[in-house]
**Q** 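Below are the structure tokens for one structure; questions will follow.
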Amino acid sequence: MFRCFSLAAGLVLFACSTTAQAQQKQTIGAPPEASNMKLVGTNDLQARSAYQPTIHHQGARWIAYIGHHGGTDDVPAPVNPMTGQAEPNGTSIVDVTDPARPKYLRHLPGQEGKYESGGAQMVRVCDGKSLPKGDPNAVYMLRTFGSEAHEIWNVADPANPVVVTRIGGLKDTHKSWWECDTGIAFLVSGAPDWRTRRMTQVYDLGDPAHPQKIRDFGLPGQEPGSTGAVPTELHGPISTGPDGNRVFFGYGTNKGGILQIVDRDKLLNGPKEPTPENLRYPEISRMPMSAFNGAHTTFPMLDMPVAEFAEDKDGKTRDIVMIVDEAILNECGEARQMVWFADVTTETRPMMISSYTVPEAGGQFCQRGGRFGSHSSNESMAPVYYKKMAFIAFFNAGVRALDIRDPYHPKEVGYFIPAITQATDKRCIPVEGGERCKVAIQTNNVETDDRGYIYIVDRANTGLHILELTGPARAAAGLPRN
């Protein structure tokens, strides 16, 4: 068996097969592909596979906290050049105050393990002064620890974090949500006695040093002691807080997705025992999706003005949820995973109104290698982009900027596909007699900050890219010319 290899002198990386000669080549350091978006700065993130970035305005500084998947078969624990030690992938902390010159501050190792079985994928951050019982001098980072725990760290000094508390004894953790004003956290967990890999544990983390569990929650049929078919597992929730009084849950990733709309007050204060009746009590409605598609991200945009309806007697504003699926299989080995827009103005009867995908022919993405399809959106609700622009991570098609001011007709207005580097990892599929491997960008997650910068991170070890809009895309967002 032989592997993909690079020729540093020629700066060419070959995709290769165990059964045949090289299938494709890509040039390392070639210019990125872009339209109405430009590169501001980069950081290699120590060549670690990246998942969730969270950008936090911390005093006079802007700090990026970035969660990582576990290591790879070839490199299970990359060397941290700051310590000289091999460390399991965990959390990268990067100062992005000057986005053109990101400064790597610290790597916090996560759980030992590879791919989805290790690392510390998820991260959220809240100021202590915003939490009901937090230390006003602290800044708290909530992260997962591999598949087994949630952890809270004090990152007031982001280069020298201090662990505060740990919620352990779990079998899987993933994409949680934390309300900084109330302290309520919706933790995606795997409780050992539940029948599904992932469900919700609701906690009061208003005093991060003393977590208070409120309840377990999931779909009827997932609870302990139930029988029959088990509904699809949770991927993640997003809450609108006490004012909006809604939590939007997305179940499934790449198939059989469900959008669930839940009354937050009933969830927090209703009966806690996980019986089928109690699990149904806070639910307002659910919208099953196609067997082909999941619900990775469910991003609410409520009371959204739609210019097309401005002269109509009713319905001038709409409640919209953007649903993003997750592509799972390499080289288009599944149904296309896309972006969907649902009108939930009538909450008990949500309705799909539009969709978006990158045209495959625009870049022959099924042949590029790795995953092609959507994965996630930015989740910041800061006014700079909220209800105007959305940014979608599309794996080997990079990040896509969508004008969503008319959610019935979302429109792509920009994109950026980074160039591969020496660190970009291969992605393989089985072929007769072995496997075929190719190297391609795998833009995994995206976030924005209040300044308007866009942050994308790569699943295949290509690091962090900081971007900004240009031209018509910048004008569509209402940003000043740059």
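It should be emphasised that the depicted structure is a prediction, and the values quoted were computed from it without experimental measurement. Note: hydrogens, waters and symmetry copies are ignored here, and every other heavy atom, side chains too, is used.
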**Q** Without swapping roles, check the side chain of Thr72 against the backbone of Val75 for a donor-acceptor pair under 3.5 Å.
**A** yes
**Q** Taking atom types as modelled and ignoring hydrogens, do the side chains of His107 and Asn89 form a donor-acceptor contact shorter than 3.5 angstrom?
**A** no
**Q** If you count every heavy atom of other residues, nucleotides or ligands that lies below 6.0 Å from Arg101 atom CZ, does the total exceed 12?
**A** no
**Q** Could you check whether Lys426 pairs with Asp74 (Lys NZ or Arg NE/NH1/NH2 to Asp/Glu carboxylate O, under 4.0 Å)?
**A** yes
**Q** Is there a side-chain contact between Thr253 and Ile328 (heavy atoms, below 4.5 Å)?
**A** yes
**Q** With the side chain counted from C-beta on, respond yes when Tyr408 and Glu308 share a heavy-atom pair under 4.5 Å apart, and no when they do not.
**A** no
**Q** Look up atom OG1 in Thr200 and atom CG in Leu267, then write down how far apart they are to the nearest 0.5 Å.
**A** 8.0 Å
**Q** Step by step, would you call Gln52 with Asn445 a side chain to side chain donor-acceptor pair (under 3.5 Å)?
**A** CA-CA 6 Å; Gln52 184 73 26; Asn445 284 71; 3.2 Å; yes
**Q** Between Asp403 and Lys411, does any NZ, NE, NH1 or NH2 come within less than 4.0 Å of an OD or OE carboxylate oxygen?
**A** no
**Q** Are Phe341 and Phe299, when compared by the centres of their aromatic rings, separated by less than 6.0 Å?
**A** no
**Q** Kindly indicate whether the side chain of Arg61, heavy atoms from C-beta on, has any atom under 4.5 Å from the side chain of Asp95.
**A** yes
**Q** Only one of Glu447, Glu379, Glu179 forms a salt bridge (Lys or Arg N to Asp or Glu O under 4.0 Å) with Arg124, so which one is it?
**A** Glu379
**Q** Is there side-chain contact between Leu469 and Ile454, with at least one heavy-atom pair below 4.5 Å?
**A** yes
**Q** Using the rule given for side-chain contact (heavy atoms from CB on, under 4.5 Å), can you reason through Lys38 versus Leu467, listing the C-alpha separation, both sets of side-chain angles and the distance that settles it, and then say yes or no?
**A** CA-CA 6 Å; Lys38 74 175 183 180; Leu467 313 170; over 6 Å; no
**Q** Measure across Ala397 and Val358 and return the closest heavy-atom pair with its distance rounded to 0.1 Å.
**A** CB-CG1, 4.1 Å
**Q** Verify whether one side chain among Asp449 and Tyr455 offers a donor that lies under 3.5 Å from an acceptor in the other.
**A** yes
**Q** Within the structure provided, determine whether Gln46 and Ser92 are in side-chain contact (heavy-atom separation under 4.5 Å).
**A** no
**Q** About how many Å separate CG of Asp425 and CZ of Arg48, when rounded to the nearest 0.5 Å?
**A** 14.0 Å
**Q** Please answer whether the main-chain N or O of Pro407 pairs with a side-chain N or O of Ser354 as donor and acceptor at a distance below 3.5 Å.
**A** yes
**Q** Under the side-chain contact (heavy atoms from CB on, under 4.5 Å) criterion, do His375 and Ile392 qualify, and how do the steps go?
**A** CA-CA 7 Å; His375 181 213; Ile392 311 297; over 6 Å; no
**Q** Has the side chain of Lys388 got a donor or acceptor atom that lies under 3.5 Å from a matching backbone atom of Ala477?
**A** yes
**Q** For the pair Thr83 (side chain) and Gln85 (backbone), establish whether a donor and an acceptor sit closer than 3.5 Å, ignoring hydrogens and angles.
**A** yes
**Q** I'd like to check Trp153 versus Leu108 (side-chain heavy atoms, cut-off strictly below 4.5 Å). Are they in contact?
**A** yes
**Q** Say whether Asn396 and Gln442, considering side chains only, have a donor N or O and an acceptor N or O under 3.5 Å apart.
**A** no
**Q** Any donor-acceptor pair under 3.5 Å linking the side-chain atoms of Thr345 with those of Arg318?
**A** no
**Q** Given side-chain contact (heavy atoms from CB on, under 4.5 Å), test Leu170 with Glu148 step by step and report yes or no.
**A** CA-CA 5 Å; Leu170 304 171; Glu148 66 182 39; 5.6 Å; no
**Q** Any chance CD of Glu412 has more than 12 other-residue heavy atoms, nucleotides or ligands included, within less than 6.0 Å?
**A** yes
**Q** Any side-chain heavy atom of Ile323 sitting closer than 4.5 Å to one from Met287?
**A** yes
**Q** Tell me the closest heavy-atom pair linking Thr91 and Met141, and the distance in Å.
**A** CG2-SD, 3.9 Å
**Q** Counting N and O atoms only, with roles assigned by atom type, does the side chain of Asp207 sit under 3.5 Å from a partner on the main chain of Gly134, one being a donor and the other an acceptor?
**A** no
**Q** Can a cation-pi geometry be assigned to Arg166 and Phe145, taking NZ or CZ under 6.0 Å from the six-membered ring centre and within 45° of the ring axis?
**A** yes
**Q** Should the ring pair His174 and Tyr51 be called parallel, tilted or perpendicular, given that the plane angle runs from 0 to 90° and is split at 30 and 60?
**A** tilted
**Q** Is a side-chain N or O of Asp263 found less than 3.5 angstrom from the main chain of Lys266, in a donor-acceptor match?
**A** yes
**Q** Between the main-chain N or O of Gly370 and the side-chain N or O of Arg427, is there a donor-acceptor pair closer than 3.5 Å?
**A** no
**Q** Side-chain contact test, heavy atoms from C-beta onward, threshold under 4.5 Å: evaluate it for Leu259 versus Phe248 and give yes or no.
**A** yes
**Q** Any chance you could measure Ile152, atom CD1, to Ile167, atom CD1, to the nearest 0.5 Å?
**A** 5.5 Å
**Q** With rounding to the nearest 0.5 Å, note down the distance linking CG in Leu302 to CG in Asp319.
**A** 4.5 Å
**Q** Step through the shown structure and confirm whether more than 12 heavy atoms of other residues, nucleotides or ligands are within 6.0 Å of NZ on Lys129.
**A** no
**Q** Considering non-hydrogen atoms only, spot the tightest contact between Asp325 and Met338 and give its length.
**A** OD2-N, 2.9 Å
**Q** Which atom names give the shortest non-hydrogen contact between Asp265 and Asn245, and what distance separates them?
**A** N-OD1, 2.8 Å
**Q** Phe217 pairs by ring-ring contact (aromatic ring centres under 6.0 Å, His included) with which of Phe249, Tyr251, Phe186?
**A** Phe249
**Q** Is Lys316 atom NZ crowded by more than 12 heavy atoms from other residues, nucleotides or ligands, each under 6.0 Å away?
**A** yes
**Q** Any donor-acceptor pair under 3.5 Å linking the side chain of Lys272 with the backbone of Leu268?
**A** yes
**Q** Side chains of Asn378 and Ser380: any donor to acceptor distance under 3.5 Å?
**A** no
**Q** Between Thr424 and Val439, what is the shortest heavy-atom contact and its length?
**A** CG2-CG1, 3.6 Å
**Q** How about His296 and Ser376: does a side-chain donor come under 3.5 Å of a side-chain acceptor?
**A** no
**Q** Any idea how Phe394 and Tyr356 line up, ring-wise: parallel (<30°), tilted (30 to 60°), or perpendicular (>60°)?
**A** perpendicular
**Q** Do the side chains of Glu326 and Arg371 get close enough for a salt bridge, i.e. N-O under 4.0 angstrom?
**A** yes
**Q** Could you check whether any side-chain N or O of Tyr140 sits under 3.5 Å from a backbone N or O of Asp135, counting only pairs where one atom can act as donor and the other as acceptor?
**A** yes
**Q** How about Phe391 and Tyr385: are their ring centroids closer than 6.0 Å?
**A** yes
**Q** What do you reckon, is NZ of Lys213 surrounded by more than 12 foreign heavy atoms closer than 6.0 Å?
**A** yes
**Q** Evaluate Ser239 against Arg264 for side-chain contact (heavy atoms from CB on, under 4.5 Å), listing each step before the verdict.
**A** CA-CA 8 Å; Ser239 171; Arg264 178 185 176 277; 3.9 Å; yes
**Q** Between CZ of Phe309 and OG1 of Thr317, what distance do you get to the nearest 0.5 Å?
**A** 11.0 Å
**Q** Pro102 and Val94: which non-hydrogen atoms are nearest, and at how many Å?
**A** CB-CG1, 3.8 Å
**Q** Please round to the nearest 0.5 Å and tell me the distance separating atom CD of Gln201 and atom OG1 of Thr173.
**A** 10.0 Å
**Q** Has the side chain of Asn293 got a donor or acceptor atom that lies under 3.5 Å from a matching backbone atom of Arg336?
**A** yes
